[in-house]
Amino acid sequence: MLNYNLPRHLPSAEELPDSDETPVDNELQELIPGLLKAILLILWAERMDWLFAIDMGIYYHPDKPPIVPDGFLSLGVERFYDEELRPSYVLWDENVVPIFVLEVVSQNYRKEYTTKLDEYEALGVLYYVIYSSRRRRKPHLEVHKLVNGKYELQEGNPVWLPEIGLGIGCERGNYCGVTREWMYWYDEQGQRYLTPAEQVKQEAQRAQQEVQRAQQEAQRAQQEAQRAQQAEQRVQQLTEQLRALGIDPDNLG
């Protein structure tokens, strides 16, 4: 909930730009949050109380520029307003501060570990996540949790986020044909959730296994039918042999 003073008359989301129009300087700034959103679209397909936005402006005051993270997650909001979707995220309209914000550090440092950390802390974002694959002596992934108004760095990879019901972490994988380290969602046991492509592949493998099982069942049924036919032919042969010997097979006592 918002707890600061705002002007009496406020613009709506439709009257505010959706971002700061600053182009991303690294493709990963779109692909990494895009992958996280794509996984959520499968995991939470039936839920309509969440929004994962990419490069969307968060307006916290009408007279100040928006904060534009690479990605953010809000819970307890309408997933869709209407068929036009959201042009921006306006806190005095939503009345819900994002619970999770992601910044992907590129070759052009944008104060992710300093100024932006302070901004998200002041805004009250519960989880501030920073990812930088260029770091050598420190972890690529940092998860900061707001505790008593201050961010505390969380240990581990993945890190479990109980308020969201998901874990966040990074590991090597393949997405969009690129094999590298990517960020993923995890379950409470630390098992990674599959990407859409992996899910399609898994479903295809399951379908193929079902086809193979059906083929095996059909083959076994065919073999049983052949054995039954052979047994019937053998009975017929024996019947004919008995009749040739002058024995009526129907009157055998």
Practice task
Describe, in one word, how the ring planes of F52 and F100 are oriented to each other, choosing from parallel (under 30°), tilted (30 to 60°) and perpendicular (over 60°).
Solution key: tilted

Problem - Sidechain-backbone polar pair: W50 side chain, L73 backbone, donor-acceptor under 3.5 Å - result: no

Practice task
Report yes or no: do L41 and W44 belong to one cluster of Ile/Leu/Val/Met/Phe/Trp/Tyr joined by side chain heavy-atom distances under 4.5 Å?
Solution key: yes

Exercise for the section: Taking atom CD of Q233 as the centre, report whether more than 12 heavy atoms of other residues, nucleotides or ligands fall under 6.0 Å from it. Expected result: yes

Practice task
Could you grab the distance from atom OH of Y193 to atom CG of L40, nearest 0.5 Å is fine?
Solution key: 10.0 Å

Completion exercise
One should read off an interatomic distance between L36 CG and L43 CG, to the nearest 0.5 angstrom, of 10.5 Å

Practice task
Measure the shortest side-chain to side-chain distance between E103 and V129 over non-hydrogen atoms and say whether it is less than 4.5 angstrom.
Solution key: no

Exercise for the section: Examine the side chains of S88 and Y59 and answer whether a donor and an acceptor come within less than 3.5 Å of each other. Expected result: no

Problem - Same cluster (ILVMFWY, side-chain, under 4.5 Å), L146 and V97 - result: yes

Practice task
Return yes if some donor-acceptor pair links the side-chain N/O of R136 with the main-chain N/O of R134 below 3.5 Å, else return no.
Solution key: yes

Practice task
May I ask you to decide if the ring planes of Y128 and Y120 are parallel, tilted or perpendicular, using 30° and 60° as cut-offs?
Solution key: tilted

Practice task
Could you check Y131 against E181 for side-chain hydrogen bond (donor to acceptor under 3.5 Å, both in side chains), going step by step and ending with a plain yes or no?
Solution key: CA-CA 11 Å; Y131 175 77; E181 185 179 70; 2.6 Å; yes

Exercise for the section: Search all heavy atoms of Y175 against all heavy atoms of L31 and return the closest pair with its distance. Expected result: CE2-O, 3.7 Å

Practice task
In plain terms, say whether E224 and R227 are close enough for a salt bridge, that is, a side-chain N and a carboxylate O under 4.0 Å apart.
Solution key: yes

Practice task
Check whether any side-chain N or O of E142 sits under 3.5 Å from a backbone N or O of I130 as a donor-acceptor pair, and report yes or no.
Solution key: no

